[in-house]
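Shown next, in structure tokens, is the structure this report addresses.
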Amino acid sequence: MLLGVEGLRVLLVDADAGRAALVTAGLEAAGCEVVALVSDTGDLTRLARESGAEVIVCDLDDPGRDALESMRALNRDEPRPVVLFAERGEPEQIEAALEAGVAAYVVEGLAPGRVRPVIEVAIRRFRAHHAMRMELEATRATLASRAVIDRAKARLMERGRLSEEEAYRRLRRAAMDQGRRLVDIAQAIMSEK
């Protein structure tokens, strides 16, 4: 994805044809390419995938539960920045949108002069959030692997009356001899009867 918005592929969601034309003109003036225009948020995941959009811009009067659920599914299945321009912005509504994965929630509609900076901020916020999510998943996987290795060490210690260090050395040696990951060897030990 680009740092700026030049050439950025945008999926625009707007039910108002006249407003959509103005928003499209604003996006194009900012250097974006509107690759698809749809009137509602139904199945955003499929629409984003098919259009190849890099950013989703939704200009909605009042984002409802169905729209937010579609954005949540998009964030889970095809993560990409979502910018939501809305006429209303109750605190609960904004919080629900951010929890659904919206990277920027702008109240009082879309002004052409604000398009570029809002999209740039949304992209940066999305990237930061996505990086943190990837780091969290990697940390969880590491912790899960360590737990399996620790259980396998305990089993080896119990079976062979080994010290923890000796059990760990045996696991490492088996992993190196077999060209496998340490966690895979540990899982094999744990699956033995």
Side-chain angles (χ1 to χ4, degrees), residues 1-5 8-27 29-32 34-144:
M1 201 177 295
L2 305 169
L3 277 177
V5 297
L8 197 65
R9 299 172 54 83
V10 176
L11 167 63
L12 175 61
V13 179
D14 197 331
D16 181 313
R19 183 175 63 194
L22 291 173
V23 173
T24 298
L27 288 166
C32 298
V34 177
V35 294
L37 170 62
V38 296
S39 61
D40 66 52
T41 57
D43 203 5
L44 273 181
T45 302
R46 179 185 56 78
L47 293 167
R49 190 178 298 134
E50 288 176 359
S51 68
E54 297 167 293
V55 175
I56 314 300
V57 173
C58 300
D59 196 7
L60 307 173
D61 292 325
D62 187 16
R65 192 181 77 228
D66 290 344
L68 294 177
E69 190 52 44
S70 188
M71 291 174 199
R72 181 176 278 100
L74 173 73
N75 189 45
R76 181 190 62 233
D77 301 333
E78 289 283 331
R80 58 200 68 205
V82 175
V83 179
L84 178 57
F85 292 93
E87 292 301 316
R88 295 182 41 229
E90 303 302 320
E92 305 82 32
Q93 213 172 19
I94 294 170
E95 186 175 334
L98 294 175
E99 287 175 4
V102 171
Y105 190 110
V106 181
V107 181
E108 296 179 11
L110 180 106
R114 294 191 304 177
V115 171
R116 180 185 202 95
V118 168
I119 290 177
E120 287 174 347
V121 167
I123 290 169
R124 284 177 175 80
R125 185 175 184 279
F126 171 81
R127 286 180 181 162
H129 179 74
H130 189 69
M132 284 188 336
R133 193 166 69 189
M134 293 294 105
E135 187 177 327
L136 177 60
E137 288 176 16
T139 300
R140 285 181 177 154
T142 298
L143 290 173

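Atoms CG and CD, on Leu11 and Glu54 in that order, are 12.0 Å from each other to the nearest 0.5 Å. Between the CG atom of Leu37 and the CG atom of Leu12 there is a distance of 5.0 Å, given to the nearest 0.5 Å. Distance CG/Leu60 to CG/Asp40: 9.5 Å, rounded to 0.5 Å.
Residues forming a side chain to side chain donor-acceptor pair (under 3.5 Å) with Asn75 (at least two apart in sequence, or on another chain): none. Residues satisfying the side chain to side chain donor-acceptor pair (under 3.5 Å) test with Glu95, not counting sequence neighbours, are none. Residues meeting the side chain to side chain contact (heavy atoms under 4.5 Å, CB included) test with Met134, sequence neighbours left out: His130, Glu137. Shown here are the side chain to side chain contact (heavy atoms under 4.5 Å, CB included) partners of Ile94, two or more places apart in sequence or in another chain: Leu98, Tyr105, Val107. Residues passing the side chain to side chain contact (heavy atoms under 4.5 Å, CB included) test with Ala122, sequence neighbours excluded: Val83, Ala103, Ala104.
Side-chain contact between Phe85 and Val118 is present, with at least one heavy-atom pair separated by less than 4.5 Å.
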Validation: residues 14-23 side-chain donor-acceptor distances under 3.5 Å, sequence neighbours left out:
unit_1 : atom_1 : unit_2 : atom_2 : d
Asp14  : OD1    : Asp16  : N      : 3.0
Asp14  : OD1    : Arg19  : NE     : 3.0
Asp14  : OD1    : Arg19  : NH2    : 2.7
Asp14  : OD2    : Arg19  : NE     : 3.0
Asp16  : OD1    : Gly18  : N      : 3.0
Asp16  : OD1    : Arg19  : N      : 2.8
Arg19  : NE     : Asp59  : OD2    : 3.4
Arg19  : NH1    : Asp61  : OD1    : 2.7
Arg19  : NH2    : Asp59  : O      : 3.2

Check: residues 44-52 side-chain donor-acceptor pairs under 3.5 Å, at least two apart:
unit_1 : atom_1 : unit_2 : atom_2 : d
Thr45  : OG1    : Leu74  : N      : 3.3
Arg46  : NE     : Asp43  : OD2    : 3.0
Arg46  : NH1    : Glu50  : OE1    : 3.0
Arg49  : NE     : Glu78  : OE2    : 2.9
Arg49  : NH2    : Glu78  : OE2    : 3.2
Ser51  : OG     : Leu47  : O      : 2.9
Ser51  : OG     : Ala48  : O      : 3.4
Ser51  : OG     : Ala53  : N      : 3.2

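For residues 63-73, the side-chain hydrogen bond (donor to acceptor under 3.5 Å, both in side chains) pairs, not counting sequence neighbours, are Glu69-Arg72.
Contact record, Pro63 with Gln93: O-NE2, 3.4 Å, taken as the closest heavy-atom pair.
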